[in-house]
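See below for the structure under consideration.
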Amino acid sequence: MKILVKGKAQGIILKSQHPINFLGTVDKKTGIISDKNHELFQKSIKDTILVFPNGVGSSVGAYTIYSIKSNNTAPLAMICQKADLTVATGCALANIPFLIVNNDEFSSLQTGQKISLDTEFSNPITLL
């Protein structure tokens, strides 16, 4: 596990097996996934612990992450399998905790699980 943006959060996991293109997939005003082809279509990422493999797409997606934070529609934290510059930059700008996990850790996280995340601890993810 690697911490890219420090912080604390507690919430319910919303997980996708598919990458997220924040610029083309997330409505900045509502935090709802608007891409009809995405498995999270019409789901809100607001106040979730968003778990997904990685981000894809334009670097402008970092601004989208910052915008959803400014509009109070952002996830409480993000957890990915692979680091990408867009998500890392967006989380850093928006002060959203961001962790990278290995395949086993990723597989163990499931939609609906309540977790606590605190990057000050050696094992920052705790199931509640």
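Start at 1 with the first residue, then count along the sequence. Please read these numbers as outputs of a predicted model, since none were measured by experiment.
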Problem set entry | Non-hydrogen side-chain atoms of L117 and I79 separated by less than 4.5 Å | yes
For this session: Indicate yes or no: at least one non-hydrogen side-chain atom of Q17 is less than 4.5 angstrom from one of F106.
Result: yes
For this session: For I65 and C91, work out which heavy atoms get closest and say how close.
Result: CG2-N, 4.0 Å
For this session: Can you measure from NZ (K69) to CG (L93) and round to the nearest 0.5 angstrom?
Result: 12.0 Å
Seminar exercise, completed: On a heavy-atom basis, the closest approach of I3 and P124 is CD1-CG, 4.5 Å
Exercise. Rounded to the nearest 0.5 Å, how far apart are CG of N102 and NZ of K2?
Worked result: 13.0 Å
Exercise. CD1/I33 to OG1/T25 distance, rounded to the nearest 0.5 angstrom?
Worked result: 6.0 Å
Exercise. Side chains of V87 and F52: does their closest heavy-atom pair fall under 4.5 Å?
Worked result: yes
Problem set entry | Hphob cluster co-occupancy, I96 + L76, side-chain heavy atoms under 4.5 angstrom | no
Problem set entry | Side chain to side chain, T48 and K43, heavy atoms closer than 4.5 Å | no
Problem set entry | From CG (N71) to OG1 (T64), nearest 0.5 Å | 10.5 Å
For this session: Give a yes or no on this: more than 12 heavy atoms of other residues, nucleotides or ligands lie within 6.0 Å of atom CZ of F41.
Result: yes
For this session: Would you check, one step at a time, whether the test side-chain contact (heavy atoms from CB on, under 4.5 Å) holds for Q10 with K114?
Result: CA-CA 7 Å; Q10 182 173 306; K114 186 172 187 179; 3.6 Å; yes
Exercise. Would you call V101 and I125 a side-chain contact if the rule is heavy atoms closer than 4.5 Å?
Worked result: yes
Exercise. Are I20 and V26 side-chain neighbours, meaning at least one heavy-atom pair lies under 4.5 Å?
Worked result: yes
Exercise. So do E105 and Q81 actually touch side chain to side chain, heavy atoms under 4.5 Å?
Worked result: no
Seminar exercise, completed: When every non-hydrogen atom of A88 is compared with those of L4, the smallest separation belongs to CB-CD1, 4.5 Å
For this session: Could you state whether I68 and L40 fall into the same hydrophobic cluster, counting links through intermediate Ile, Leu, Val, Met, Phe, Trp or Tyr residues with side-chain heavy atoms under 4.5 angstrom apart?
Result: yes
For this session: Calculate, to the nearest 0.5 Å, the distance between atoms CG and SG belonging to L50 and C80 respectively.
Result: 7.5 Å
Problem set entry | Flag, side chain of D84 to backbone of G55, donor-acceptor distance under 3.5 Å | yes
For this session: Mind listing the closest non-hydrogen atom pair of T73 and I45 along with its distance?
Result: O-CG1, 3.9 Å
Exercise. If you take all heavy atoms of M1 and N123, which pair is closest and at what distance?
Worked result: CE-OD1, 4.3 Å
For this session: Drop me the distance from L14's CG to S44's OG, to the nearest 0.5 angstrom.
Result: 8.0 Å
Seminar exercise, completed: Note: Q113 and Q110 closest approach over all heavy atoms is OE1-N, 2.7 Å
Problem set entry | Among L127, V51, I12, the one residue meeting side chain to side chain contact (heavy atoms under 4.5 Å, CB included) with I115 | L127
Exercise. Does P53 offer a backbone N or O that forms a donor-acceptor pair with the side chain of H18 under 3.5 Å?
Worked result: no
